[in-house]
K.L.:
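Next up is a structure, given as structure tokens.
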Amino acid sequence: MAAYWVWLVAIVGVAFLPVSFASLKDIFTQEIYALISERYGEPARRDILKWNKLLVELESEDVDEKLFEVNRFFNRFEFVSDIQHWRKADYWATPIEFIATGAGDCEDYVIAKYFSLLELGVPESKLRLMYVTALKLKQPHMVLAYYNTPTSVPLVLDNINKRILPASKRRDLAPIYSFNGQGLWTAKSMGKGRKLRGKGSMKMWDDMIARLDEVIEGK
């Protein structure tokens, strides 16, 4: 059996995501734009406006167009490690922080794409934030997986290989586990694998959501 996208890995001590989060529509207000401009500068405000414009333009498009354009929009930002960018070993940026600073690491690309596609009406059940091993780089990595049906081979949205490809064609990636607001799954046989946890919390995710809520609340 091929090694790519078929690993079954036991995850110990990991609990995952609260289901609810703020709607992105709450972000696109004049008050929030003013706050972003004050905190990050006018170029950041313009980039957030471009994000809003993208979501408005894609609202009535089919899912393939949404995947393509969202993937392309965020992949133009610079990859920078958390240590360089945030002076922290691990930091999950909100989409606003990612866009406003113009850089981030793999988790930041994935989180921004995930939130954007949810806002565009892509069902949460079809999206997975997936931890993988990037085999050529020999390091942990995160991608966004889209499942057209529960048994489909997922499409992979990635910042390393910017083409959206089926997981079966990403032999450079070995999956470890995936998650979304509905729970945590081990990676198995191109699919969702075995569900490990249905509810719970995780500090990195919770911290990111809290920062997003603070912006929405004008803090």
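Please read all numbers here as calculations on a predicted model, not as lab measurements.
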K.L.:
Does V122 share a hydrophobic cluster with L58, counting links as ILVMFWY side-chain heavy atoms below 4.5 Å and allowing steps through other members?
P.N.:
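Per the 4.5 Å side-chain linkage, V122 and L58 are co-clustered.
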K.L.:
Okay, side chain of S37, backbone of Y33: is any donor-acceptor separation there less than 3.5 Å?
P.N.:
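Absent.
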K.L.:
Can you tell me how far the CG atom of L67 sits from the OG atom of S116, to the nearest 0.5 Å?
P.N.:
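Nearest 0.5 Å value for the CG-OG distance: 11.5 Å.
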K.L.:
Of all heavy-atom pairs between F98 and A103, which one has the smallest distance, and what is that distance?
P.N.:
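Heavy atoms of F98 and A103 come nearest at CD1-O, 3.2 Å.
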K.L.:
What pairs of residues pass the salt bridge (charged side-chain N to carboxylate O under 4.0 Å, His left out) test when at least one of them lies in residues 51-62, not counting sequence neighbours?
P.N.:
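The answer is K53-E57.
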K.L.:
Classify the angle between the aromatic ring planes of F77 and F74 as parallel (below 30°), tilted (30 to 60°) or perpendicular (above 60°).
P.N.:
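F77 vs F74 ring planes: tilted.
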K.L.:
Are M208 and L118 grouped together when hydrophobic residues (ILVMFWY) are joined by side-chain heavy atoms under 4.5 angstrom apart?
P.N.:
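Yes; L118 is reachable from M208 via cluster members.
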K.L.:
Can you tell me how far CG of D47 sits from OH of Y40, rounded to the nearest 0.5 angstrom?
P.N.:
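Answer rounded to 0.5 Å: 13.0 Å.
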K.L.:
With sequence neighbours excluded, tell me which residues meet ring-ring contact (aromatic ring centres under 6.0 Å, His included) with Y146.
P.N.:
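Scan of Y146 (ring-ring contact (aromatic ring centres under 6.0 Å, His included), adjacent residues dropped) gives none.
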K.L.:
Identify the heavy atoms of P175 and M130 that sit nearest to each other, and give their distance.
P.N.:
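Closest pair (atom of P175, atom of M130, distance): CB-SD, 3.8 Å.
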K.L.:
If I take atom CD1 from residue I96 and atom CD1 from residue I36, how far apart are they, to the nearest 0.5 angstrom?
P.N.:
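Going from CD1 on I96 over to CD1 on I36, the span is 4.5 Å.
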K.L.:
Do L120 and L55 make a side-chain contact, defined as non-hydrogen atoms from C-beta onward lying under 4.5 Å apart?
P.N.:
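Side chain of L120 against side chain of L55, heavy atoms only: contact under 4.5 Å found.
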K.L.:
Yes or no on side chain to side chain contact (heavy atoms under 4.5 Å, CB included) for R128 and Y114, after CA distance, side-chain angles and deciding distance?
P.N.:
CA-CA 8 Å; R128 295 281 183 273; Y114 176 74; over 6 Å; no
K.L.:
When you group the ILVMFWY residues by side-chain heavy-atom contacts below 4.5 Å and let the links chain together, are L54 and I164 in the same group?
P.N.:
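Result: yes, single cluster for both.
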K.L.:
So do P166 and L155 actually touch side chain to side chain, heavy atoms under 4.5 Å?
P.N.:
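In contact.
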K.L.:
With sequence neighbours excluded, tell me which residues meet side-chain contact (heavy atoms from CB on, under 4.5 Å) with N75.
P.N.:
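Residues passing side-chain contact (heavy atoms from CB on, under 4.5 Å) with N75: N71, Y109, K113, N159, K162.
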K.L.:
Under a 4.5 Å cut-off applied to non-hydrogen side-chain atoms, are V143 and C106 in contact?
P.N.:
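Counting from C-beta outward, V143 and C106 never come under 4.5 Å.
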K.L.:
Test of understanding: clusters of I, L, V, M, F, W, Y form through side-chain heavy atoms closer than 4.5 Å, transitively. Do F79 and M142 belong to the same one?
P.N.:
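In one cluster with F79: M142, yes.
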K.L.:
Taking everything shown except E65 itself, do over 12 heavy atoms lie less than 6.0 Å from its CD?
P.N.:
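Yes, the 6.0 Å shell around CD holds more than 12 heavy atoms from other groups.
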K.L.:
Quick one: do L49 and F115 end up in the same hydrophobic cluster if we chain Ile, Leu, Val, Met, Phe, Trp and Tyr together by side-chain heavy atoms under 4.5 Å apart?
P.N.:
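L49 clusters together with F115.
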K.L.:
Return the set of residues passing ring-ring contact (aromatic ring centres under 6.0 Å, His included) with F28 (not counting sequence neighbours), or none when no residue passes.
P.N.:
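For F28, the residues satisfying ring-ring contact (aromatic ring centres under 6.0 Å, His included) (neighbours in sequence not counted) are W51.
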K.L.:
Once rounded to the nearest 0.5 Å, what's the spacing between atom NE2 of H85 and atom OH of Y91?
P.N.:
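It is 9.0 Å, given to the nearest 0.5 Å.
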K.L.:
Compare every heavy atom of A112 with every heavy atom of P95, then report the nearest pair and how far apart it is.
P.N.:
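Where P95 meets A112 most closely, the heavy atoms are CG-CA, 4.0 Å.
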K.L.:
Rounded at 0.5 Å granularity, tell me how far CD1 in I32 sits from CZ in R39.
P.N.:
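Those atoms lie 9.0 Å apart.
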K.L.:
What's the separation between atom CD1 in I111 and atom CG in L129, rounded to the nearest 0.5 Å?
P.N.:
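With rounding to 0.5 Å, CD1 (I111) is 7.0 Å from CG (L129).
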K.L.:
Could you tell me whether the side chain of T101 reaches within less than 4.5 Å of the side chain of V80, counting heavy atoms only?
P.N.:
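Heavy-atom side-chain distance check fails, nothing below 4.5 Å.
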K.L.:
Sort and list the pairs that fulfil salt bridge (charged side-chain N to carboxylate O under 4.0 Å, His left out) and have at least one residue in residues 149-159, not counting sequence neighbours.
P.N.:
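Non-adjacent pairs meeting salt bridge (charged side-chain N to carboxylate O under 4.0 Å, His left out): D158-R170.
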K.L.:
May I have all residue pairs that pass salt bridge (charged side-chain N to carboxylate O under 4.0 Å, His left out) and include part of residues 83-108, sequence neighbours excluded?
P.N.:
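Of all non-adjacent pairs touching residues 83-108, those that pass salt bridge (charged side-chain N to carboxylate O under 4.0 Å, His left out) are E97-R211.
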K.L.:
Below 4.5 Å, heavy atoms only, C-beta onward: do L144 and L117 meet side chain to side chain?
P.N.:
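Yes. Closest side-chain heavy atoms under 4.5 Å.
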K.L.:
Whether the side chain of D172 engages the backbone of K136 through a donor-acceptor N/O pair (distance < 3.5 Å, no angle test) should be reported.
P.N.:
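Between the backbone of K136 and the side chain of D172 there is no qualifying donor-acceptor contact (under 3.5 Å).
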K.L.:
Is V156 close to V132 at the side-chain level, that is, under 4.5 Å between some pair of heavy atoms?
P.N.:
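No, every pair of side-chain atoms sits at 4.5 Å or beyond.
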K.L.:
Quick check: are there more than 12 heavy atoms from other residues, nucleotides or ligands sitting under 6.0 Å from CD of Q30?
P.N.:
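No - once you tally the heavy atoms of other residues, nucleotides and ligands closer than 6.0 Å, there are 12 at most.
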